[in-house]
Amino acid sequence: MAYWLFKTEPDAFSIDDLANRENQTEPWDGVRNYQARNFLRDDVALGDRVFIYHSSCKHVGIAGVAEVVKAGYPDATQFDPESNYYDPKSLPESPRWFRVDVKFVEKFHKVLPLAEIKAMPAIVELPLVKKGGRLSIMPVSESEWQQLYAAAR
DNA sequence: GCCAACGTTGGC
DNA sequence: GCCAACGTTGGC
């Protein structure tokens with residue numbers, strides 16, 4: 001089992017929205033970055049655990065945990081002209097963008113703030129805290145996961 | 001709202 | 001294939 005961190009803007013989709021889906025699965029779609037796409041297509045696997053990170057909001061940080069319930073498959077929004085994520089250059093026979101399905105596992109009582117994550121000596125390799133830090137889907141090592149999880153609870 | 005970082009586009 | 005222009009991300 002591997003570990004990941006997915007970013008989301010809570011104004012659009014938050015950990016609470018995910019929690020409100022009860023036991024339903026949720027497609028994690030709209031990812032339009034090639035590096036993130038490669039992770040979704042090739043590496044994110046059934047049963048993997050995912051930190052849900054809230055970005056571009058008042059309390060940026062890790063808000064909870066989700067579980068991957070379906071591995072990478074083509075993101076249908078790329079073929080939908082009505083969608084904000086429509087990509088006219090992507091063809092159904094060779095889809096450019098992928099998504100996975102997740103389900104809610106846990107919401108932390110308090111968001112683990114980015115500032116605290118940056119202050120943790122063990123968290124220096126995570127793309128989130130490296131310069132730029134714009135990657136929206138990133139791998140988390142087991143030791144990073146354990147330290148972040150412990151700090152969040 | 002500002003602005004730095006950085007990915008993408010497109011002319012050549 | 002280079003690289004300047006442009007658009008987007010995302011913390012602050």
Side-chain angles (χ1 to χ4, degrees), chain A residues 2-21 26-44 48-66 68 71-102 104-141 143-153:
Chain A
Y3 301 97
W4 303 94
L5 182 147
F6 291 2
K7 288 184 189 173
T8 182
E9 295 188 18
D11 291 344
F13 188 82
S14 72
I15 190 76
D16 289 317
D17 294 320
L18 187 63
N20 289 337
R21 297 294 198 274
E26 182 68 23
W28 203 268
D29 51 24
V31 175
R32 295 293 181 268
N33 166 281
Y34 286 103
Q35 198 179 351
R37 185 283 308 270
N38 292 345
F39 287 131
L40 290 177
R41 187 188 59 189
D42 305 331
D43 300 314
V44 178
D48 285 356
R49 291 284 160 135
V50 179
F51 280 138
I52 301 300
Y53 176 90
H54 284 176
S55 69
S56 298
C57 59
K58 191 168 183 183
H59 300 292
V60 294
I62 296 172
V65 177
V68 177
Y73 66 104
D75 177 352
T77 62
Q78 70 195 303
F79 305 124
D80 176 6
E82 303 295 309
S83 170
N84 288 336
Y85 302 120
Y86 179 56
D87 182 352
K89 295 183 194 163
S90 183
L91 304 171
E93 57 269 29
S94 58
R96 180 178 295 189
W97 306 113
F98 285 71
R99 66 186 180 193
V100 301
D101 288 353
V102 300
F104 176 77
V105 172
E106 177 179 6
K107 178 189 175 183
F108 297 135
H109 294 111
K110 172 177 165 296
V111 170
L112 177 63
L114 177 62
E116 276 186 42
I117 297 169
K118 284 180 170 172
M120 292 168 68
I123 311 297
V124 290
E125 289 301 314
L126 192 65
L128 184 73
V129 302
K130 295 197 131 182
K131 77 164 184 171
R134 291 172 35 176
L135 190 59
S136 60
I137 303 283
M138 69 186 74
V140 177
S141 75
S143 66
E144 287 169 337
W145 178 278
Q146 287 168 356
Q147 302 222 32
L148 289 166
Y149 191 79
R153 310 198 79 227

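Letters go in sequence order (proteins before strands), and every chain restarts at 1.
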List, one per line, each side-chain donor-acceptor pair under 3.5 Å for residues 54-63 of chain A, sequence neighbours excluded.
unit_1	atom_1	unit_2	atom_2	d
A/H54	NE2	A/I15	N	3.0

By salt bridge (Lys or Arg N to Asp or Glu O under 4.0 Å), which residues pair with A/D80, not counting sequence neighbours? none
Contacts of type side chain to side chain donor-acceptor pair (under 3.5 Å), residue A/S83, not counting sequence neighbours: none
Hits for side chain to side chain donor-acceptor pair (under 3.5 Å) against A/E26, two or more places apart or cross-chain, chain-then-number order -> A/R21
Qualifying salt bridge (Lys or Arg N to Asp or Glu O under 4.0 Å) pairs, either residue in residues 2-18 of chain A, two or more places apart: A/D16-A/K107
Boundaries of the chain A footprint along DNA chain B (any atom under 4.0 Å from a heavy atom): B/dA5 to B/dT8
How is A/K118 classified with respect to the nucleic acid when contacts are heavy atoms under 4.0 Å: base, sugar-phosphate, or nothing? sugar-phosphate
